[in-house]
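Encoded as C-alpha cells, the structure appears first; notes follow it.
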Amino acid sequence: MIFDDDVNLLEICSLILTGKNFEVIVRDTCAEIIREVGLQEPDLIIMDNRIADIGGVKATQLLKSHLIFSRIPVIFFSAHNNVSELAKEAGADFYLSKPFNIAELESLVNAAINKAE
C-alpha cells in the first residue's frame with residue numbers, strides 16, 4: 001500500500017511493483033489511515049513524508065502505535081535532506097530518498113516483505 005500525494009509517482013511505483021507481481025493499492029491522502037489499512041490489510045506500507053492531511057510522520061506514528069498495525073513494515077520516503085531522521089522520528093522500518101532508482105525501491109520492498117514474514 002502506497003501513500004503519496006504525487007499521482008505520477010503513485011503510477012510509476014505501481015507499474016514497477018505490479019511488474020514484480022505485487023498487488024499495489026495507492027492512496028493520495030492519509031486522512032483515514034487506520035480505517036484504510038484495516039480494510040486493505042497490506043503486507044507493506046510505503047509512506048510519503050508530505051502526504052496530505054496529517055503528514056507521513058504522524059501517519060506512520062499512528063500505525064506504529066496501533067496494536068495490530070505496528071507489525072506492518074513501513075518504508076518512509078521523501079525528497080527532504082534528512083529523510084533518515086524523519087523516518088526514525090516516524091518509527092518507520094526503512095527509508096528511501098527521492099529521487100530513487102528502481103533497483104533501490106525493489107531491494108527495499110523485498111527486504112521489508114522478508115522482515116514481515
Side-chain angles (χ1 to χ4, degrees):
M1 187 167 207
I2 306 171
F3 291 89
D4 198 311
D5 58 352
D6 182 337
V7 293
N8 294 323
L9 187 63
L10 287 173
E11 186 176 335
I12 291 167
C13 289
S14 292
L15 288 171
I16 293 166
L17 296 174
T18 55
K20 294 292 181 181
N21 297 317
F22 288 105
E23 180 182 343
V24 179
I25 301 160
V26 298
R27 295 291 182 264
D28 62 359
T29 180
C30 62
E32 300 278 334
I33 190 157
I34 296 297
R35 182 175 121 355
E36 288 289 328
V37 170
L39 288 172
Q40 301 301 329
E41 299 181 3
D43 295 321
L44 167 67
I45 294 171
I46 301 175
M47 178 65 68
D48 178 40
N49 179 49
R50 298 188 67 102
I51 184 79
D53 299 308
I54 61 173
V57 170
K58 181 68 174 171
T60 302
Q61 289 171 341
L62 282 172
L63 289 170
K64 290 301 187 175
S65 68
H66 194 280
L67 182 63
I68 296 170
F69 304 137
S70 63
R71 65 164 181 75
I72 301 172
V74 175
I75 298 172
F76 195 85
F77 69 163
S78 175
H80 204 280
N81 288 342
N82 63 345
V83 64
S84 63
E85 293 170 26
L86 290 170
K88 185 177 180 179
E89 178 185 346
D93 303 279
F94 303 89
Y95 68 90
L96 181 62
S97 296
K98 294 179 185 177
F100 55 86
N101 67 45
I102 294 170
E104 280 181 294
L105 176 64
E106 291 173 353
S107 177
L108 274 179
V109 166
N110 287 325
I113 294 293
N114 288 335
K115 178 182 179 181
E117 293 176 347

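Any value given below was found using the heavy atoms of this structure, including those in side chains, with hydrogens, waters and symmetry copies removed. Since the structure is predicted, the reported quantities are computational estimates derived from the model, not experimental observations.
- Sorted pairs that involve residues 73-88 and meet salt bridge (Lys or Arg N to Asp or Glu O under 4.0 Å), not counting sequence neighbours, are lacking altogether.
- More than 12 heavy atoms of other residues, nucleotides or ligands sit less than 6.0 Å from atom NZ of Lys64.
- Counting non-hydrogen atoms of other residues, nucleotides and ligands closer than 6.0 Å to CD1 of Ile34 gives a total above 12.
- Residues Leu62 and Ile51 share a single hydrophobic cluster, defined by chaining ILVMFWY side chains whose heavy atoms lie under 4.5 Å apart.
- Distance CG/Leu39 to CE/Met1: 8.0 Å, rounded to 0.5 Å.
- The line from OG of Ser107 to CG of Asn101 is 9.5 Å long, rounded to the nearest 0.5 Å.
- Rounding to the nearest 0.5 Å gives a distance of 6.5 Å between CD1 of Ile33 and OG1 of Thr60.
- Note: the hydrophobic cluster containing Ile102 also contains Leu17 (ILVMFWY, side chain heavy atoms under 4.5 Å, direct or indirect links).
- For the pair Phe77 and Val83, the minimum side-chain heavy-atom distance is 4.5 Å or more.
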Problem set entry | Pair Phe76-Asn49, side-chain contact (heavy atoms from CB on, under 4.5 Å): steps then yes or no | CA-CA 7 Å; Phe76 195 85; Asn49 179 49; 3.4 Å; yes
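- Under a hydrophobic-cluster definition in which Ile, Leu, Val, Met, Phe, Trp and Tyr are linked whenever side-chain heavy atoms come within less than 4.5 Å, directly or via other members, Leu15 and Val24 are assigned to different clusters.
- Under a hydrophobic clustering in which Ile, Leu, Val, Met, Phe, Trp and Tyr are joined whenever their side-chain heavy atoms come within less than 4.5 Å, directly or via other members, Leu63 and Phe94 fall into different clusters.
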For this session: Start with the C-alpha distance between Ile2 and Leu9, add both sets of side-chain angles, then the distance that settles side-chain contact (heavy atoms from CB on, under 4.5 Å), and finish with yes or no.
Result: CA-CA 10 Å; Ile2 306 171; Leu9 187 63; over 6 Å; no
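- Checked against side-chain contact (heavy atoms from CB on, under 4.5 Å), Ser84 has the following partners two or more places apart in sequence or in another chain: Tyr95.
- Ile75 places none of its side-chain heavy atoms less than 4.5 Å from the side chain of Met47.
- For the atom pair Asp4 CG and Arg27 CZ, the distance stands at 13.5 Å (nearest 0.5 Å).
- For Ala112 against Pro73, the heavy-atom pair with the smallest separation is O-CG, 3.3 Å.
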Exercise. Would Cys13 and Leu105 satisfy side-chain contact (heavy atoms from CB on, under 4.5 Å), going step by step from the backbone distance to the final call?
Worked result: CA-CA 8 Å; Cys13 289; Leu105 176 64; 4.2 Å; yes
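- Looking at heavy atoms from C-beta onward, Gln61 lies in side-chain contact with Glu89 at the 4.5 angstrom threshold.
- Considering NZ of Lys20 and CD1 of Ile113, their distance stands at 14.0 Å, rounded to 0.5 Å.
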For this session: Assess whether side-chain contact (heavy atoms from CB on, under 4.5 Å) is satisfied between Leu44 and Val109, documenting all intermediate values.
Result: CA-CA 8 Å; Leu44 167 67; Val109 166; 3.7 Å; yes
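- With a 6.0 Å radius and a threshold of 12 heavy atoms from other residues, nucleotides or ligands, Asn114 has its CG atom above the threshold.
- Put simply, CD on Glu36 and CD1 on Ile45 are 11.0 Å apart, with the number rounded to the nearest 0.5 Å.
- A salt bridge (Lys or Arg N to Asp or Glu O under 4.0 Å) check over residues 37-50, counting only residues at least two apart or in different chains, returns the pairs Asp48-Lys98.
- The nearest pair of heavy atoms linking Cys30 to Ala59 is SG-CB, 3.9 Å.
- Inter-residue side-chain proximity for Ile46 and Leu96 is flagged as unmet; no heavy-atom pair is nearer than 4.5 Å.
- Paired with Phe3 under the rule side-chain contact (heavy atoms from CB on, under 4.5 Å), one option of Val37, Leu10, Asp28 passes, and it is Val37.
- Atom CD of Glu104 is surrounded by more than 12 heavy atoms from other residues, nucleotides or ligands within 6.0 Å.
- Here the shortest heavy-atom pairing between Val26 and Ser14 reads CG1-OG, 3.3 Å.
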